[in-house]
Amino acid sequence: MTDARGRPGPDPAALAAVRQIGELSGSIVARAAARGVTIAVAESLTGGLVAATLVRTPGASGVLRLGVVAYATAMKHEVLRVPAALLAERSPVDPDVAIAMARGVRQLAALDRAECTIGVATTGVAGPGAQDGHPPGEFHIGIEMRTRDGIVAESSSQTVRGDREAVRAAALLAALQQLDAALERTDLHTHSESTT
């Protein structure tokens, strides 16, 4: 696609993805705030994109409790308490590591004895090369939720093509979609305390 001067114009697919990300973020923040649900985010390959996207949305201060970028493997263990044995056995690029990161950030967000309903995490290989036998474009999203009946954890995995920014954007979208799906649950533990 080119403009009137023959220069490359905006990519329609990229514009649609940006619009979808904005709509999802707005929906997540509005629905979580209305229900008294709070969120904590742990990120590796997305490097803060998930938290930044939520923060851009008005009302995020009532929803987002904590964002952690644990890029180095050691930080996943030391800060988020991902078990060292799991990291050694599977590498950081693993669905169970993503769940452990989500658990760790959700627990960190409750250190002040406040509640945190949902932890979500991203880990993967942005590229351009492979990492620990995992191809560029592979990523995992982990989520842990506090429900009225206990803790529920889930993960999703994808491998996408593209450069680093395309992979990170795909992981951002997947994390937001998983958060959006979590908010469909009717059994999430809720509370009314603001994060501010």
Side-chain angles (χ1 to χ4, degrees), residues 17-70 75-76 79-83 95-124 139-158 168-196:
V18 168
R19 190 167 34 255
Q20 184 181 14
I21 285 167
E23 289 170 357
L24 271 172
S25 178
S27 172
I28 289 163
V29 169
R31 292 163 65 207
R35 293 180 60 190
V37 167
T38 52
I39 297 169
V41 181
E43 302 183 64
S44 186
L45 87 154
T46 47
L49 283 175
V50 178
T53 299
L54 292 173
V55 166
R56 279 198 299 268
T57 305
S61 62
V63 172
L64 184 65
R65 285 194 54 78
L66 177 68
V68 172
V69 177
M75 294 300 99
K76 292 175 179 67
V79 176
L80 297 174
R81 301 295 185 225
V82 177
D96 289 335
V97 169
I99 288 173
M101 290 171 64
R103 176 176 303 120
V105 80
R106 194 181 73 77
Q107 291 173 347
L108 273 176
L111 282 181
D112 61 356
R113 300 189 184 278
E115 305 272 345
C116 187
T117 316
I118 301 173
V120 65
T122 67
T123 188
F139 65 82
H140 307 279
I141 311 298
I143 195 162
E144 184 180 89
M145 301 162 275
R146 184 170 181 219
T147 73
R148 288 190 294 270
D149 296 322
I151 301 300
V152 174
E154 302 171 350
S155 66
S156 65
S157 303
Q158 292 185 43
R168 294 173 72 232
L172 165 62
L173 178 58
L176 293 176
Q177 288 171 331
Q178 199 151 341
L179 275 172
D180 192 56
L183 287 165
E184 292 293 323
R185 297 183 67 109
T186 59
D187 63 345
L188 290 176
H189 180 79
T190 60
H191 48 93
S192 59
E193 199 173 279
S194 169
T195 67
T196 56

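The figures that follow rest on heavy atoms only: side chains count, while hydrogens, waters and symmetry mates do not. Count residues from 1 along the sequence.
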Checklist line | Minimal non-hydrogen separation, A174 against F139, with atom names | finding: CB-CE1, 3.7 Å
Margin query: Just verifying a value: how many Å separate T53 OG1 and L179 CG, rounded to the nearest 0.5 Å?
Written below: 11.0 Å
Notebook entry, point to check: With no hydrogens and no angle check, is any side-chain donor or acceptor of R106 less than 3.5 Å from a backbone partner on I39?
Noted result: no
Next item on the list: Evaluate the criterion side chain to side chain donor-acceptor pair (under 3.5 Å) for residue pair T122 and S44; output intermediate values, then yes/no.
Entry: CA-CA 6 Å; T122 67; S44 186; over 6 Å; no
Check: Which pair of heavy atoms, one from R185 and one from R35, lies closest together, and at what distance?
Finding: O-NH2, 2.8 Å
Check: So, does R81 use its side chain to make a donor-acceptor pair with the main chain of A100 at under 3.5 Å?
Finding: no
Next item on the list: Mind checking the CG-CG spacing from L24 to L183? Nearest 0.5 Å is all I need.
Entry: 10.5 Å
Item checked: Check: I143 and V152 side chains under 4.5 Å, non-hydrogen atoms -> no
Margin query: Looking at V82, is its backbone amide N or carbonyl O close enough to the side chain of K76 to form a donor-acceptor pair, meaning the two atoms are under 3.5 Å apart?
Written below: no
Check: Atom OG1 of T38 and atom CD of E115: how far apart are they, to the nearest 0.5 Å?
Finding: 7.5 Å
Note to self: Please find the pair of heavy atoms, one from L80 and one from A42, that lie closest to each other, and give the distance.
What the structure shows: CD1-CB, 3.8 Å
Notebook entry, point to check: Looking only at heavy atoms, which two atoms of A60 and V55 are closest? And how far apart?
Noted result: CB-CA, 3.8 Å
Check: How many angstroms lie between atom CD of E23 and atom CG of D180, to the nearest 0.5 angstrom?
Finding: 11.0 Å
Note to self: Contact between V63 and V37 at the side-chain level, heavy atoms closer than 4.5 Å - yes or no?
What the structure shows: no
Next item on the list: Please name the pair of heavy atoms, one in R146 and one in C116, separated by the smallest distance, quoted to 0.1 Å.
Entry: CB-O, 4.4 Å
Next item on the list: Would you mind reporting whether L66 and V41 have side-chain heavy atoms less than 4.5 Å apart?
Entry: no
Next item on the list: Go through H189 and T147 one step at a time and tell me if the side chain to side chain donor-acceptor pair (under 3.5 Å) criterion holds.
Entry: CA-CA 5 Å; H189 180 79; T147 73; over 6 Å; no
Next item on the list: Can you measure from CD (E43) to CG (L172) and round to the nearest 0.5 angstrom?
Entry: 8.0 Å
Next item on the list: Taking the side chain as every heavy atom from C-beta outward, state whether E144 and I151 have any pair of such atoms under 4.5 Å apart.
Entry: yes
Note to self: Rounded to the nearest 0.5 Å, what separates atom CD1 in I141 from atom CD in Q177?
What the structure shows: 9.5 Å
Item checked: Test item: T123 side-chain N/O and A98 main-chain N/O as donor-acceptor pair under 3.5 Å -> no
Check: What are the two closest heavy atoms between S25 and T57, and how far apart are they?
Finding: OG-OG1, 2.6 Å
Notebook entry, point to check: Less than 4.0 Å between a side-chain N and a carboxylate O, is that true for E184 and R31?
Noted result: yes
Margin query: Quick one, L176 with V120, criterion side chain to side chain contact (heavy atoms under 4.5 Å, CB included). Give me CA distance, side-chain angles, the key distance, then yes/no.
Written below: CA-CA 9 Å; L176 293 176; V120 65; over 6 Å; no
